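The structure appears right after this line, and notes come after that.
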Amino acid sequence: MDSLIKQNQDNQIKENYWIIKWIIYFCVLYFVLMIPTPLTYTKELYLGPLGMPLFVWGWIIDNVLVIFGMFIFYAEAKRRGLIED
């Protein structure tokens, strides 16, 4: 009986770690855009590759990381049985 309780507690800790990992990932990407740097916000024009402003590249990179994270989150959640088709 004790081993069953211990196993259940271990599973809860792993589940909480998984959720916290993804909350931190998406919160960091959200708050990175709020830090006023040349990659996210600027009043001066800093040109990057292809002549596009540098902050546009920062937003593009952040959005790609968010979309990539959503696909990975979906795949992991589906593997865990949290999402059903």
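Predicted model only: the values in this text are computed from it and were never measured.
- Summarising the geometry, atom CZ belonging to Phe55 is positioned 13.5 Å from atom NZ belonging to Lys43; distances are rounded to the nearest 0.5 Å.
- Placement of Val32 and Phe68 in two distinct hydrophobic clusters is found when ILVMFWY residues are connected by side-chain heavy-atom separations under 4.5 Å, directly or transitively.
- Using a 4.5 Å cut-off between side-chain heavy atoms of Ile, Leu, Val, Met, Phe, Trp and Tyr, with links allowed through other members, Ile23 and Met70 fall into the same hydrophobic cluster.
- Note on Ile24: it does not cluster hydrophobically with Leu29, by side-chain heavy-atom contacts below 4.5 Å among ILVMFWY residues.
- In terms of the side chain to side chain donor-acceptor pair (under 3.5 Å) criterion, Tyr30 has no residue partners (sequence neighbours excluded).
- Remark: Glu44 engages Tyr46 in a side chain to side chain donor-acceptor pair (under 3.5 Å) (not counting sequence neighbours).
- Here Lys21 contributes atom NZ and Tyr17 contributes atom OH; the two are 6.0 Å apart, rounded to the nearest 0.5 Å.
- At least one side-chain heavy atom of Trp18 sits less than 4.5 Å from a side-chain heavy atom of Leu82.
- Residue Val66 is grouped with residue Tyr25 when hydrophobic side chains (ILVMFWY) are merged at heavy-atom distances under 4.5 angstrom, including chains of intermediate members.
- Residue pairs meeting the side-chain hydrogen bond (donor to acceptor under 3.5 Å, both in side chains) criterion with at least one partner in residues 55-71, sequence neighbours excluded, are absent.
- No continuous path of hydrophobic side-chain contacts links Ile60 to Leu65 [ILVMFWY only; heavy atoms under 4.5 Å].
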